[in-house]
Undergrad: 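Take this structure first; my questions come after.
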Amino acid sequence: MSVLNAVPATASVTARNGSATWRLIKAESKLSIRDKVGPLWGVGCPLIVLIILGVVPALREPVEAAGGLTYFDLYVPVLILFNLAILAMTALPTTLAGYRENGVLRRLQTTPIGPARVLTAQLVANFAIALVATILFLAVAGLGFGVDLPRHPVGFVLSWLLASAALLSIGLLITALAPGRGPATAIGTVLFFPMMFFAGLWVPIAQMPEVLQTISHYTPLGAGMQAFQETYLGHFPSAAPLLTLAAYAIGCTIVAVRWFRWE
Amino acid sequence: MPAVIEVRNLHKRYADKVAVEDVSLTVQEGEIFGILGPNGAGKTTSVECIAGLRTPDRGEIEVLGLDPRRDRAELTRGLGVQLQAGQLPEQLRVAEALELYSSFYPDPADWRELLEGLGLAEKAKTAYGKLSGGQKQRLSIALALVGSPRVAILDELTTGLDPQARRDTWELIENVRSRGVTIVLVTHFMEEAERLCDRLALIDGGRVVAVDTPAGLTERARIEQRIRFRPSRPLADHLLTSLPEVSGVTRRGETVIVTGNDNALNAVTTVLARNQIVAERLRIEQASLEEAFVQLTGSRLGSH
Ligand SMILES: Nc1ncnc2c1ncn2[C@@H]1O[C@H](COP(=O)(O)OP(=O)(O)OP(=O)(O)O)[C@@H](O)[C@H]1O
Ligand SMILES: [Mg+2]
């Protein structure tokens with residue numbers, strides 16, 4: 001009898017934990033949306049930029065040394081990276097460092113759920129918002145302005161997953177190292193601009209001086225851009241950018257886990 | 001009754017400061033156990049060690065038969081905690097918080113009932129960041145109870161609540177206790193301690209000064225009774241000072257103030273009757289828990 005009872009009991013504990021995690025993810029997604037940083041700067045801002053750039057005829061000229069892609073074609077993946085970078089490097093660390101500063105993580109420590117799961121929930125929430133945003137950007141660029149989808153979709157999805165993993169783990173690293181919410185936001189913002197530069201936000205990578213191009217390939221957003229560009233041209237991305245992204249993802253996660261403080 | 005919380009020789013120091021020097025206490029099942037002490041006495045540090053949020057430097061703690069650090073996961077299911085400084089995300093709404101937290105527990109309480117009981121019903125849709133201090137406090141109490149814990153630790157139960165909310169909270173706590181929940185509460189309010197607590201531990205400078213019932217503590221402090229009255233006819237001091245029960249006589253205008261032990265009142269009224277003096281406006285001032293506290297710890301509680 002006791003053996004028979006044990007099975008449903010264990011099953012219900014698992015189900016409960018599952019539902020608690022799911023509720024936590026839903027709650028964190030709602031909070032991320034209410035917080036406005038992600039939706040406004042991460043989604044709204046690049047979307048408006050995309051639409052504005054889409055109506056500038058000069059940007060429909062092909063970029064030299066970019067395999068026939070136009071300036072506007074290149075802006076689509078740049079803005080996808082813009083979205084990922086805002087969510088992962090400013091929204092995520094600001095929220096999590098705030099949770100630590102305000103004792104939210106400590107409060108969760110006294111519940112059966114524990115604070116680690118709220119980290120997971122935040123990661124999932126930001127990941128989901130990024131996914132929706134990427135689909136939205138691709139749709140607007142495609143339906144509104146006739147930009148073709150990446151010609152190697154599998155390669156694109158893989159690059160996108162690696163780029164989000166790399167950026168989210170950088171976000172976790174910022175959270176781990178920043179002493180508080182204010183510094184976390186500051187570090188994220190200060191890193192954002194040079195990283196976006198190397199993704200080609202202001203000057204396409206192909207037109208950068210040799211040295212900057214080389215540096216760009218070793219930055220997370222530069223590597224992400226390189227991989228995206230190759231998939232737009234119909235190739236599976238080359239090993240170098242994929243390995244660079246994977247290295248960032250693994251390295252930053254290890255350091256973040258090692259140094260993470262709950263209070 | 002079995003012990004639910006057992007603390008032996010707890011010692012905890014922060015970098016440069018010993019917060020808890022040596023605390024031992026036992027909390028029995030079903031009782032409301034109060035922890036009283038001046039600011040910085042080590043109350044929060046002690047209860048945070050009991051809740052498993054801090055690792056003691058020395059000493060043993062057992063809660064529900066579990067080690068708060070080693071058996072964290074299991075303990076959290078039976079232990080509800082209200083932290084002195086515990087917070088929620090600013091944008092999370094009251095009902096959302098309660099619903100979310102209740103999903104963390106195997107057998108949660110009805111969170112809507114708690115919402116009612118703590119007078120938060122009309123704030124259900126308000127974001128945590130927009131609540132007043134007292135409302136945040138009430139939500140924090142609700143969250144400590146939402147998992148139907150067997151033991152609840154409440155740090156500064158009613159600090160920041162208005163008198164009505166305080167009384168309502170006391171009623172709620174009495175209700176919770178009547179369901180057999182053991183409650184440890186840290187408090188600064190003597191009235192609260194006297195009304196709610198079965199036993200109290202007085203903590204001062206990181207040590208337990210005394211553990212007793214509220215009445216026992218008052219008695220232990222041996223505070224003298226003070227009797228004030230206006231004699232109907234002039235009264236010579238020596239009639240009173242000669243009584244062994246009386247330790248002092250002072251006068252303020254026409255009022256005579258006699259201090260003495262528990263039997264002083266009897267002795268004084270007997271003497272007055274024998275001299276056909278009526279004691280007008282007779283008042284007896286009982287020793288309060290607050291005075292006992294001051295005497296036993298040699299300090300004064302903050303007025304908050
Ligand atoms: N995180 C900490 N780091 C260093 N010292 C601390 C820390 N927390 C508390 N202390 C010190 O330890 C001592 C005991 O603090 P504790 O918070 O336990 O007191 P308390 O009895 O709860 O006081 P109160 O009535 O003000 O809440 C205090 O002197 C305090 O300054
Ligand atoms: Mg305290």
Side-chain angles (χ1 to χ4, degrees), chain A residues 8-40 91-92 94-122 125 180-181 261-263, chain B residues 44 47-48 50-55 63 68-69 71-93 95-108 111 125 127-130 136 139-140 143-149 151-155:
Chain A
T10 316
S12 86
V13 167
T14 318
R16 190 184 62 248
N17 282 346
S19 97
T21 307
W22 178 236
R23 274 167 198 273
L24 206 50
I25 290 172
K26 276 205 295 193
E28 288 304 323
S29 308
K30 252 192 242 173
L31 291 174
S32 292
I33 289 168
R34 277 182 207 156
D35 189 44
K36 301 200 182 68
V37 172
L40 230 57
L92 178 85
T94 303
T95 306
L96 288 179
Y99 283 0
R100 181 173 54 212
E101 192 170 290
N102 294 333
V104 174
L105 300 182
R106 200 167 145 69
R107 181 71 190 76
L108 281 167
Q109 242 177 323
T110 68
T111 73
I113 285 305
R117 231 172 292 192
V118 81
L119 249 67
T120 316
Q122 261 294 316
R181 183 190 154 102
R261 290 167 297 117
W262 297 107
E263 51 188 83
Chain B
T44 296
V47 295
E48 285 183 350
I50 295 173
L53 283 169
R54 293 193 187 282
T55 315
V63 182
R69 290 302 284 189
D71 313 318
R72 280 207 59 72
E74 204 180 337
L75 181 64
T76 52
R77 275 177 235 144
L79 177 71
V81 183
Q82 179 217 339
L83 297 172
Q84 193 175 359
Q87 287 233 352
L88 291 168
E90 296 277 298
Q91 313 261 11
L92 192 65
R93 294 175 189 157
E96 289 172 347
L98 278 164
E99 196 180 0
L100 180 66
Y101 268 64
S102 74
S103 77
F104 296 169
Y105 294 91
D107 183 23
W111 60 265
K125 291 212 169 77
Y128 180 75
K130 297 228 159 72
K136 283 182 180 167
L139 179 56
S140 167
L143 290 177
L145 300 174
V146 79
S148 293
V151 183
I153 295 180
L154 308 164
D155 196 355

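The chains referred to below are lettered A, B, ... by the order of the sequence lines, with proteins before strands, and numbering in each begins at 1.
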Undergrad: Of the non-hydrogen atoms in Ala20(A) and Ser103(B), which two are nearest, and what is the gap between them?
TA: CB-O, 3.5 Å
Undergrad: Is Leu79(B) in contact with chain A via its backbone, its side chain, both, or neither, using a 4.5 Å heavy-atom distance?
TA: backbone
Undergrad: What is the distance from atom CG of Leu88(B) to atom CZ of Arg107(A), rounded to the nearest 0.5 Å?
TA: 7.0 Å
Undergrad: For the candidates Thr95(A), Thr110(A), Leu105(A), Leu24(A), which exhibits the highest count of non-hydrogen atom pairs separated by less than 4.5 Å from chain B?
TA: Thr110(A)
Undergrad: Among Glu263(A), Lys30(A), Gln109(A), Glu28(A), single out the residue with the greatest number of heavy-atom pairs under 4.5 Å to chain B.
TA: Gln109(A)
Undergrad: Which atoms of Arg72(B) are under 4.5 Å from chain A, going by heavy atoms: the side chain, the backbone, both sets, or neither?
TA: side chain
Undergrad: On a heavy-atom basis, which atom in Phe104(B) and which in Pro112(A) lie closest, and how many Å separate them?
TA: O-CG, 3.4 Å
Undergrad: For the side chain to side chain contact (heavy atoms under 4.5 Å, CB included) test, which of Asn102(A), Asp35(A), Leu31(A) pairs with Pro89(B)?
TA: Leu31(A)
Undergrad: With the threshold set at 4.0 Å, does a side-chain nitrogen-carboxylate oxygen contact exist between Lys26(A) and Glu99(B)?
TA: no
Undergrad: What part of Glu96(B) gets closer than 4.5 Å to chain A, counting heavy atoms only: side chain, backbone, both or neither?
TA: side chain
Undergrad: Given side chains that start at C-beta, do those of Tyr101(B) and Ile113(A) come closer than 4.5 Å, heavy atoms only?
TA: no
